Each structure stands twice: as C-alpha cells, then as structure tokens.
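All ligand and atom numbering here is 1-based and tracks the order in the structure. The model shown is predicted, which means the values in this text are computed figures rather than measured ones.
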Amino acid sequence: MTRRNVNRWRRDFLHRALQGAGLIVLAGCDKLYETETFQAILNTAEGANRRIQRLLTPKNKLAQEFGEKDISAVFRANGNPAPNTPEYLADAANQWSAWRLEVNGLVVQPREFSLAELKMMPSRTQITRHDCVEGWSAIAKWKGVPLARIIERVQPKAEAKYVVFRCLDTNSRGNHYYESISLEDALHPQTILAYDMNDKPVPLANGAPLRLRIENQLGYKHAKYIRALEFVASFEQIEKGKGGYWEDRGYEWYAGI
Ligand SMILES: Nc1nc2c(c(=O)[nH]1)N[C@H]1C(S)=C(S)[C@@H](COP(=O)(O)O)O[C@H]1N2
Ligand SMILES: [Mo]
C-alpha cells in the first residue's frame, strides 16, 4: 500500500472503530444516546473493554515502561514556571478543591471535573521516559486518569478530530501554552491526565494539578497546568494555527518518538 492509502485506511478504520464503539455520534443519531439500553451498554465494563479492543491499531503500540529502580533521582522542570496568579496560588493552597477541569467543544456532554472526581475514576500508573527536544531525558512514575475514560464520558461528536489542551501558564509576553493531539492518540492506553508523579501529587514545577502524559510523543506535547480540554474539528483558528505553542514557533505538530 502507498503511504496515502495507509493513511486513508487508518482514518477509515478509526472512524469505523469509533462508530462501532459508540464513541462518536453520527449526525442525526443523537437519539441513540438517549435510549436506556445504549447507555447501559456504554456503562458496563464489558462495553469499555470492547471499545478498547476495537481501537487496538498498530499505532497503539505501547511505549517502553520501566521499573521502580529506573526512576531518575532528579526530574528537571522545563518550560514556563508555574503560574503565579492569585487564583492559581489560592487553588494550590486549598489542595485544588476549587479548581475544575473544563471539557468542552464538539462533545455531546460538555462538563467540568473536580480533581477529586478525576481521582475517583479508573487510573493507570506507568513508569516512562520523558524526552525533551532540548536533549535531556528523565524517567518518572506517573498516575492519572486515561484520557479515553474522559472521552467516554463526554462523547465527542463525529466532527471532532483533535483534543486541544488549554493551559494556565503563559510566557513572559502573556501568551498561554496550549497543545493539541489527534483523537486517535488521545485514546492511546498510555495517554493519561496525570495528577501524581513518583507517588506524590504532581509538583507545581511539573504542571500541578494536572498534566498530560502522552508517551509516544516528545516532551513539548505533554501539556502541563491543564485548565481545559477542547474538542475541535481543526486548530487553524487557534492562536497561530499550528496546533500548539511550540508548533506556532516552528516545531512539528506530530512529535512521535
Ligand atoms: N503548560 C506547559 N506545558 C509544557 C511546557 C510549558 O512551558 N508549559 N513545556 C513543555 C516542555 S518543552 C517539556 S520538555 C515538558 C517538561 O515537563 P517537566 O517540567 O515535567 O520536565 O513540559 C512541556 N509542557
Ligand atoms: Mo521540551
């Protein structure tokens, strides 16, 4: 197959998988979501397993995972410092009880999650290596809620293609950090919204209270200080249109490793 055919096949496959799995709503089929049986199937563990099964494409290959003994003694903090707005500092002082993750855009059920709610959802723990393009790497243990679990709750519409991560921090000129990934990568089993790092809450310097781990991608894709997830059909209208803070400054959008 040519590369184009492979890409087309992958796209069609994903589309079918998502449809079959009930993760996207076909135009005009919104009613299906309102039926009790359908909701019941979605809510069963079996339903969840079946959905994951169907999404296992070659691209879902797992990144290498390590053992406790491999965890780096020092894990650098990189990029913008933690926000120093009164709101962020107050949220941190109050153990994030007032903080909310907003999930909106092209979804059937936009909603907010408190940190406590995210922590009550099924979690995944993984010891992985972070690779920054600046030439350093570090291994840490991360615990968080798989993004797939959030996706099940909010139900992206058929037009949704990307998840945009809106971050709380800014550079010295006041530009907010943001990132975007494909729905396909968002459903990867190792793509998690992490709230713990090395068995403790993620430190402020490393993106508290919630940061992305997307283990098949380079460091700059791992959005820290997440405020909101936005489901979109295109990111051309966002900031400079390249899909992320560093992408707007010349980095590749697809930063696969
Ligand atoms: N919100 C936000 N996320 C970010 C950054 C940033 O400046 N702001 N820097 C990125 C880069 S380049 C890297 S290498 C990692 C660093 O994560 P760490 O601070 O946990 O080492 O975060 C990424 N995510
Ligand atoms: Mo980086």
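Ring centroid separation for the pair Tyr195 and Trp99 does not come in under the 6.0 Å cut-off. A distance below 6.0 Å separates the ring centres of Trp96 and Tyr88.
With Ser72 contributing its side chain and Ile139 its backbone, the two residues share a donor-acceptor pair below 3.5 Å. The main-chain N or O of Ala82 is never found under 3.5 Å from a side-chain atom of Asp169 such that the two would form a donor-acceptor pair. A donor-acceptor pair is defined here as one N or O able to donate and one able to accept, closer than 3.5 Å; such a pair exists between the side chain of Tyr178 and the backbone of Gly244. No donor-acceptor pair closer than 3.5 Å links the side chain of Arg166 to the backbone N or O of Glu230. Formation of a donor-acceptor pair under 3.5 Å by the Asp131 side chain with backbone atoms of Ser137 is not found in this model.
Near Asn206, meaning under 4.0 Å from any of its heavy atoms, are these atoms of ligand 1: 18 (P), 19 (O), 20 (O), 21 (O). Ligand-side atoms of ligand 1 in range of Asp169: 1 (N), 2 (C), 6 (C), 7 (O), 8 (N), range being under 4.0 angstrom from any heavy atom. Close contacts of ligand 1 with Arg76, meaning ligand atoms under 4.0 Å from a residue heavy atom, involve 18 (P), 19 (O), 21 (O). Near Trp136, with a cut-off below 4.0 Å to any heavy atom, the atoms of ligand 1 are 14 (S), 21 (O). Close contacts between ligand 1 and Cys167 involve ligand atoms 1 (N) [criterion: under 4.0 Å to a heavy atom]. Residue-ligand proximity, Cys132 to ligand 1, at heavy-atom distances under 4.0 Å covers atoms 14 (S).
Nearest non-hydrogen protein atom to atom 23 (C) of ligand 1 is Gly219 O, 3.3 Å. With respect to atom 17 (O) of ligand 1, the closest heavy atom belonging to the protein is Arg211 NH2, 3.2 Å. With hydrogens left out, the protein atom closest to atom 10 (C) of ligand 1 is Tyr177 OH, 3.4 Å, a heavy atom. The shortest contact between atom 19 (O) of ligand 1 and any protein heavy atom is with Lys224 NZ, 2.4 Å. Looking at atom 24 (N) of ligand 1, its nearest protein heavy atom turns out to be His222 O, 2.9 Å. Regarding atom 7 (O) of ligand 1, its nearest protein heavy-atom neighbour is Asn80 N, 2.8 Å.
An N or O contact shorter than 3.5 Å links Asn78 to ligand 1 by distance. The distance criterion of under 3.5 Å between nitrogen or oxygen atoms is not met by Trp142 with respect to ligand 1.
When the heavy-atom distances from atom 11 (C) of ligand 1 to Tyr225, Tyr178, Phe165, Tyr220 are ranked, the shortest goes to Tyr220.
At a threshold of 4.0 Å, the pair Glu102-Arg100 does not count as salt-bridged, since none of the basic side-chain nitrogens sits closer than that to a carboxylate oxygen. At a threshold of 4.0 Å, the pair Lys221-Glu247 counts as salt-bridged, since one of the basic side-chain nitrogens sits closer than that to a carboxylate oxygen.
Using a 4.0 Å cut-off between heavy atoms, Phe75 contacts ligand 1 through its side chain alone, with no backbone atom that close.
Using a 4.0 angstrom heavy-atom cutoff, His130 counts as in contact with ligand 1. Heavy atoms of Ala205 approach ligand 1 to within less than 4.0 angstrom.
Between Met121 and Glu152, every side-chain heavy-atom pair lies at or beyond the 4.5 Å cut-off.
Taking the ring centre of Tyr225 as origin, the terminal cationic atom of Arg227 falls outside the region bounded by 6.0 Å and 45° from the ring axis.
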